[in-house]
Novice: 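Before I ask anything, here is the structure I am working with.
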Amino acid sequence: MNEQMTPLEEIRHSSSHVLATAVLRLFPEAQLDIGPPTATGFYYDFDLDHKFTAEDLQNIEAEMKKIIKENQRFQRKEVSREEAVQIIKDFGQETYKLGRLDDVPEGDTISFYQNGDFIDLCAGSHVNYTKKIKAFKLLSIAGAYHRGDENNKQLQRIYGTAFATKDELEQYLTQLEEARKRDHRRIGKDMGLFHIDEAVGQGLILWKPKGAVIREQLQSFITGELNKQDYKQVFTPHIGKLDLYRTSGHFPYYQDSQYPPVIDRDCLAEFVSEGCTCSDLSNKMDDGEIDGYLLKPMNCPMHIKIFDSEPHSYRDLPVRLAEFGTVYRWEQSGELNGMTRVRGFTQDDAHLFCTEDQLQDEIKGCLDLVKTVLGTLGMEDYKVRVSLRDPNSDKYVGDAENWEKAENALRNAAKGLGVPFAEVEGEAAFYGPKIDFIVNDVIGREWQLGTVQVDYNLPVRFDLNYTGADNKPHRPVMVHRAPFGSMERFCGLLIEHFGGDFPTWLAPEQLRILPISEKVYEYSDKLYADLKAAGIRVTLDNASEKLGAKIRRAELDKVPNTIIVGAKEAEEGNVSVRSRFDGDRGTMKFEDFKTEFLELIASRKLQLKK
RNA sequence: GCCCUUGUAGCUCAGUCGGUAGAGCGCGUCCUUGGUAAGGACGAGGUCGGCGGUUCAAAUCCGCUCGAGGGCUCCA
C-alpha cells in the first residue's frame, strides 16, 4: 500500500528515517522497529543495550544535520517478498523488520525507501531529498513496548518534531512552553488550589480552601441545573459489602483496578485461626471466598439499591438519582497525573431508571446539560465519541435488538448536539453503548471527561422491575451518566482552560481591596465588612506597600477584581475599580459597584483574559 | 507495573576536583503613608527526599528505597 501523506507528514516521516540513519551510524548494533509521523512530530523505536542519554540525543541530532546536509535522495523500491527478506537480512535488521514484513498482506506492494546507505521497509511517502527537512528537533527518550504489548520487549523510543520552516518549529516550541505554564499542577501549586501529599498517598487529592471554593461553586451550579431537570439528590457511603459488587460484577471482573477489600473482622479472625498465609488470603480474594467491604469503585449499585427500596409504577419513571459520589480505583502508579488521573475521585454521577420509550429523551436531557455547563464555562473545544459494539464479537450482554435500540438512541442524541462526533465500533462497555466527551489538556493529551451509557445489564443482575400499564412487571433501562466525569479531572482541565484566570463567579478570591494608605483604613474596613456580609469572597491588602506593589501582587495572585480606595474615594463614598480582564475602569459609587458586582457573580458571566 | 529523567529553604534555582550550604522571590519586624505591575533596612528559614555503604571527611561517589516528570501499557 503506497500511502500518500500530507507534505508535513512527509517531512516528519522522513525525519524519522534520518533519525534512524543517524542512530545506525552512531550505534551500528541498534535494531530498528518502526518510526512513523505523529500528530505533533515523529518517533522511531530502537532496540539497543546502550541506554540513550541526553548527550546521545545531541550527538544524534548533530549527525542528523550532517545527513540532511549530505542531501541524500529518498528512493522508493518495490520488491518481491523474497527480495524484501534478503534486503532486511543484508541490512542486518532481522529482529523486528521481518515481523513487520509479515504484517504486509499478501498481494500488497512491498516497498522500501533508501537514503544513502540506509534502507527501511516502508510504505511511504517521503520528501525527495533530505535537504527538504528544514526544521526539526529531538525532544525526548521514552520506553515503548514492541507492538504496544507489555509482554513484549520494551524498546527505546526517541521523540522529535519537525516543521516545514524554522519559524513554525520555533512557534511550536514556544507554544509548548506557554502551555506548560498553564499546567494545572503548576497553577494548582502556585495558587494553592490542591495538594498531593506523599504521606496521604499517590493519586489522592487534598483540596485546599481555594480549590474547594472552585469545586463548591461548580457543584452548586451543576446541582442547580440538575434540579431543573428534576433529578433527586442522594448520598451513599464510601464502602459497601463485597457481595453487592459481586452481584454487579465489579468485584470479580475488575479486581485489578480496585483497592483490595477491607476484610470483615470475623472473617479475618477465622482465617487467622486457620493459620492462613498471605498467599492463601490472596487466593481467597481471587476465589471470592472472603467476606468484607469494598471501597466503592462505582456508585451504581448503591443507587440501584435506592431505586429498588420501594416498588415503582411506570408512572414514577423516569427516576433520576444524582450524587457527587466518591469512588476509588487502583490506577497503575505510572498513570497517575495531577488531578487528571487519580485514585480517588468524585463523580458528578447519576443513574436514570426509565422505560424503553423514555430512553431517547433521557439521553437528550443528559447531552443538553453538558452543553449548558460547558457553554457557561466557554469550554467549546471538545469531541464526542459514540462507542458502539463490535458486531463480530460476542463479549456483550443483552440481545441484539436492545443494542440496536440503545445505539440508535445514542446516535440520534449525538446528532442533535450539533458538535462533531465520531462513531467507534468495539469501544462500548460490555453492558451497553456509550457517548463520551473528550477534551485536550494543555500539552495535547486527550482526556475523557463525561460519559453517558445505556445499560440493559445491571437491571437484570439486580432484577429491577416496575409495574407497567398492563399491571405486569417490566424491566427498566438504566442510563449511567457523569457528564463531567470527576470533579478532580474536570477542575484540573478547567484550571488549564482558564490558565488560572477564573471568571469572577468561580474565583477563590473574587475581589481585593487595596487601601492607598493607613489614613483610609476606616473606610476600607467598612467596605470590606459590607462586601463580606453580601457574600462576596473579598480580602483586604493592608500591607505597608505602595499602590503599585499591591496591584502587582493582586495581578500575580490572579485576583479578578480589585477596588482601590484613597482619600478621594473615602470622601465621596466611591471606589476606583480595576479588573484583571478589563484593566482600569475608573471611579464609581460604592453602592453601584456592589450591585453590579453581585449581578456579575449571579449571572456566572464568562470572562476571558485576552 | 515497565523504560528513561529527576529530587538542595515556601517557590525558582546555584553549589566547580568530596572539606558538614548559597542567591533571587516569598515570609517576619521596623522605617516609609504612598494613586494603577516591585520603596528601604534588618532578620528568620535547610538532617541537601529517606535508609545504608565507601571515606579522616558525602549535597557531591556507590547501593537500595520513596516521591515526582516524560513516555509505554491500562482506564468498568
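A note on names: the letters A, B, ... follow the listed sequences, proteins ahead of strands, and every chain is numbered from 1.
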Novice: I want to confirm an ordering. Mapping A:Ala429 and A:Arg445 to their closest nucleotides on RNA chain B, which one lands closer to the 5' end?
Specialist: A:Arg445
Novice: Pull up the glycosidic torsion of B:G45 and say syn or anti, syn being anything within 90° of 0.
Specialist: syn
Novice: Heavy atoms under 4.0 Å, any strand shown: does A:Arg186 hit a base, just sugar-phosphate, or nothing?
Specialist: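 A:Arg186: backbone/sugar contact only, no base atoms under 4.0 Å.
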Novice: Pick one: which of A:Asp47, A:Asp33, A:Asp45 meets side-chain hydrogen bond (donor to acceptor under 3.5 Å, both in side chains) with A:Tyr96?
Specialist: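 It is A:Asp47; the other options fail the test.
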Novice: Over how many whole Å does the gap from A:Lys546 atom NZ to B:A37 atom P extend?
Specialist: 12 Å
Novice: If you measure from the Lys or Arg side-chain nitrogens to the Asp or Glu carboxylate oxygens, is any gap between A:Glu596 and A:Arg585 under 4.0 Å?
Specialist: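 Result for this pair is yes, salt bridge flagged.
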Novice: Which pair of heavy atoms, one from A:Ala406 and one from A:Tyr456, lies closest together, and at what distance?
Specialist: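 Looks like CB-CE1, 3.7 Å.
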Novice: Which residue, A:Ser257 or A:Ala543, contacts RNA chain B at a nucleotide closer to its 5' end, judged by nearest heavy atom?
Specialist: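 The 5'-side residue here is A:Ala543.
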Novice: On a whole-Å scale, what distance lies between the C1' atoms belonging to B:U55 and B:U60?
Specialist: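 Looking at atom C1' only, B:U55 and B:U60 are 13 Å apart.
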Novice: Take atom CG of A:Asn337 and atom P of B:C72, then tell me their distance rounded to the nearest Å.
Specialist: 12 Å
Novice: For atom C1', what is the distance between B:C25 and B:A68, given to the nearest Å?
Specialist: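 That atom pair is separated by 23 Å.
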Novice: Would you mind telling me which of A:Leu57, A:Ile158, A:Leu138 makes a side chain to side chain contact (heavy atoms under 4.5 Å, CB included) with A:Phe52?
Specialist: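 One option only clears the test, and that one is A:Ile158.
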Novice: According to the Watson-Crick and G-U wobble definitions, with both distances under 3.5 Å, which nucleotide is paired to B:G10?
Specialist: B:C25
Novice: When the distance from CZ of A:Arg343 to P of B:G1 is rounded to whole Å, what number comes out?
Specialist: 7 Å
Novice: C1' atom, B:G18 versus B:C4: distance in rounded Å?
Specialist: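 It works out to 28 Å between them.
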Novice: Say you pick atom C1' in B:U6 and the same atom in B:G19; how far apart are they, in whole Å?
Specialist: 27 Å
Novice: Can you tell me whether the side chain of A:Tyr145 and the base of B:G71 have a donor-acceptor pair closer than 3.5 Å?
Specialist: no
Novice: Please give the distance between the P atoms of B:C2 and B:A59 as a whole number of Å.
Specialist: 30 Å
Novice: Using whole Å, what does the distance between atom P of nucleotide B:G71 and atom CZ of A:Phe42 come to?
Specialist: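 It works out to 16 Å between those atoms.
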Novice: How far, in whole Å, is B:C48 from B:U8 if one measures between their P atoms?
Specialist: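 Here B:U8 and B:C48 have their P atoms 12 Å from each other.
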Novice: In whole Å, what separates the P atom of B:C72 from that of B:C17?
Specialist: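 Taking atom P in both B:C72 and B:C17, they lie 36 Å apart.
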Novice: Roughly how far apart, to the nearest Å, are B:C11 and B:G49 at atom P?
Specialist: 13 Å
Novice: Do the charged groups of A:Asp183 and A:Arg185 touch, with an N to O distance under 4.0 Å?
Specialist: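 So A:Asp183 pairs with A:Arg185 through a salt bridge.
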